[in-house]
Amino acid sequence: MKRFKGSDTIGTPYTKPILKFNLGFWQTNWEGRKGADYCQKIVEKIGLLLRHSFAHQSLYLPVLWQGNQPLGAIANLMDFDRKTALFFIAGRDDTARELSSGLVLHAYGIQHAIDNKFKVYDFLMGNEAYKFSFGAKARQIKTMLIQFKRSHQNQALNLRTIPEALHRFTHYQQTNRLDQAEQGYRQILNVQPQHPGAHSIG
């Protein structure tokens with residue numbers, strides 16, 4: 001078992017493959033059922049969230065290996081104030097059938113939470129049977145979807161979101177979604193007119 005915890009450095013050669021393993025496994029597991037386009041959009045959004053969590057030292061990402069081959073990975077968001085580990089996303093190599101990498105990784109994640117004096121390991125949404133094998137208790141939750149009207153798309157960005165926003169808008173440009181990229185760069189320049197990234201790309 002190898003594991004990787006968030007640090008102040010996000011762009012190291014080691015972090016990108018680990019995040020890629022997790023998201024790549026997840027995408028492979030689900031795109032046959034949910035569709036490739038839908039899964040690609042989800043992976044882009046989740047990637048932003050995981051990178052943000054990593055940068056703020058609130059991501060725990062254990063990976064199960066067989067030699068140099070990764071078999072699976074889970075991403076847990078760590079709420080240090082509430083002493084709660086929140087299971088967020090998992091991915092596994094479906095061709096590896098000798099053991100359940102998901103069960104092994106969750107057991108490892110739970111042990112990590114206990115070792116760090118966390119009180120709760122939350123599986124979040126879903127009532128899959130394996131979760132109850134760890135002693136999970138079901139509880140009802142409410143979800144809320146908040147969407148901005150189109151007229152609000154040009155509202156000012158929060159300064160703290162600019163690095164992640166720039167990453168997203170750059171991706172839009174690289175994938176030929178030029179209208180979205182231009183709109184995004186203009187949002188950055190409205191807040192920081194001299195921002196070098198938005199100027200040089202936009």
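This is a predicted model, so every value here is computed, not measured. Quick note: numbers below take in every heavy atom, side chains included, and nothing from hydrogens, waters or symmetry partners.
Contact annotation: the side chain of His167 approaches that of Arg51 to within less than 4.5 Å [non-hydrogen atoms, C-beta and beyond]. Here the side chains of Phe88 and Ile74 are not in contact, with every heavy-atom distance at 4.5 Å or above. The closest side-chain heavy-atom distance from Asp93 to Phe25 is below 4.5 Å. In this structure, Ile188 and Phe169 have side chains that are in contact, with non-hydrogen atoms separated by less than 4.5 Å. Counting heavy atoms from C-beta outward, Leu64 and Ser101 have side chains that approach closer than 4.5 Å. Counting heavy atoms from C-beta outward, His106 and Lys131 have side chains that stay 4.5 Å or more apart. Between Leu71 and Val104, the closest side-chain pair of non-hydrogen atoms is not below 4.5 Å.
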### Check against side chain to side chain contact (heavy atoms under 4.5 Å, CB included), Leu77 and Ser58
CA-CA 6 Å; Leu77 306 179; Ser58 59; 5.7 Å; no
### Stepwise side chain to side chain contact (heavy atoms under 4.5 Å, CB included) test for Phe87 and Tyr60
CA-CA 9 Å; Phe87 164 56; Tyr60 183 67; over 6 Å; no
### Query
What's the verdict on ring-ring contact (aromatic ring centres under 6.0 Å, His included) for Tyr121 and Phe134, showing C-alpha distance, side-chain angles and the deciding distance?
CA-CA 10 Å; Tyr121 188 90; Phe134 286 103; 7.6 Å; no
### Query
Taking it one step at a time, do Gln40 and Glu31 satisfy side chain to side chain contact (heavy atoms under 4.5 Å, CB included)?
CA-CA 8 Å; Gln40 182 59 39; Glu31 65 184 3; over 6 Å; no
#### Entry: CA sep, side-chain torsions, deciding dist, call: Gln173, Tyr185, side chain to side chain donor-acceptor pair (under 3.5 Å)
CA-CA 10 Å; Gln173 184 181 20; Tyr185 295 141; 3.0 Å; yes
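The CH2 atom of Trp26 lies 5.5 Å from the CD1 atom of Ile42; values are rounded to the nearest 0.5 Å. Rounding to the nearest 0.5 angstrom, the gap separating the OG1 atom in Thr170 from the CG atom in Leu166 is 4.0 Å. One finds the CD atom of Gln27 at 9.0 Å from the CD atom of Glu44 (value rounded to the nearest 0.5 Å). Rounding to the nearest 0.5 Å gives a distance of 9.5 Å between CG of Leu105 and CG of Leu61. We find the CG-CE distance between Asn127 and Met125 to be 10.0 Å, quoted to the nearest 0.5 Å. Note that the CG atom of Leu23 and the CG atom of Leu50 stand 5.5 Å from one another [nearest 0.5 Å].
Hydrophobic cluster membership differs between Leu86 and Leu48, with clusters built from Ile, Leu, Val, Met, Phe, Trp and Tyr side chains linked at under 4.5 angstrom. The hydrophobic cluster containing Trp30 also contains Tyr38, counting ILVMFWY residues as joined when their side-chain heavy atoms lie under 4.5 angstrom apart, directly or transitively. Cluster annotation: Leu124 and Ile46 are assigned to the same hydrophobic cluster (Ile/Leu/Val/Met/Phe/Trp/Tyr, side-chain heavy-atom contacts under 4.5 Å, transitive). Ile114 and Val120 are members of different hydrophobic clusters when ILVMFWY side chains are connected at heavy-atom separations under 4.5 Å. At a threshold of 4.5 Å between side-chain heavy atoms, the hydrophobic network of Ile, Leu, Val, Met, Phe, Trp and Tyr places Tyr130 and Phe132 in two separate groups.
Other residues, nucleotides and ligands contribute at most 12 non-hydrogen atoms within 6.0 Å of the CG atom of Asp179. For Arg82, the CZ atom counts as loosely surrounded, since its 6.0 Å shell holds 12 or fewer non-hydrogen atoms of other residues, nucleotides or ligands. No more than 12 heavy-atom neighbours from other residues, nucleotides or ligands sit within 6.0 angstrom of NZ on Lys41.
Here Arg186 pairs with Glu182 in a salt bridge; the nearest charged N to carboxylate O distance falls below 4.0 Å.
Two rings, from His112 and Phe118, have their centers 6.0 Å or more apart.
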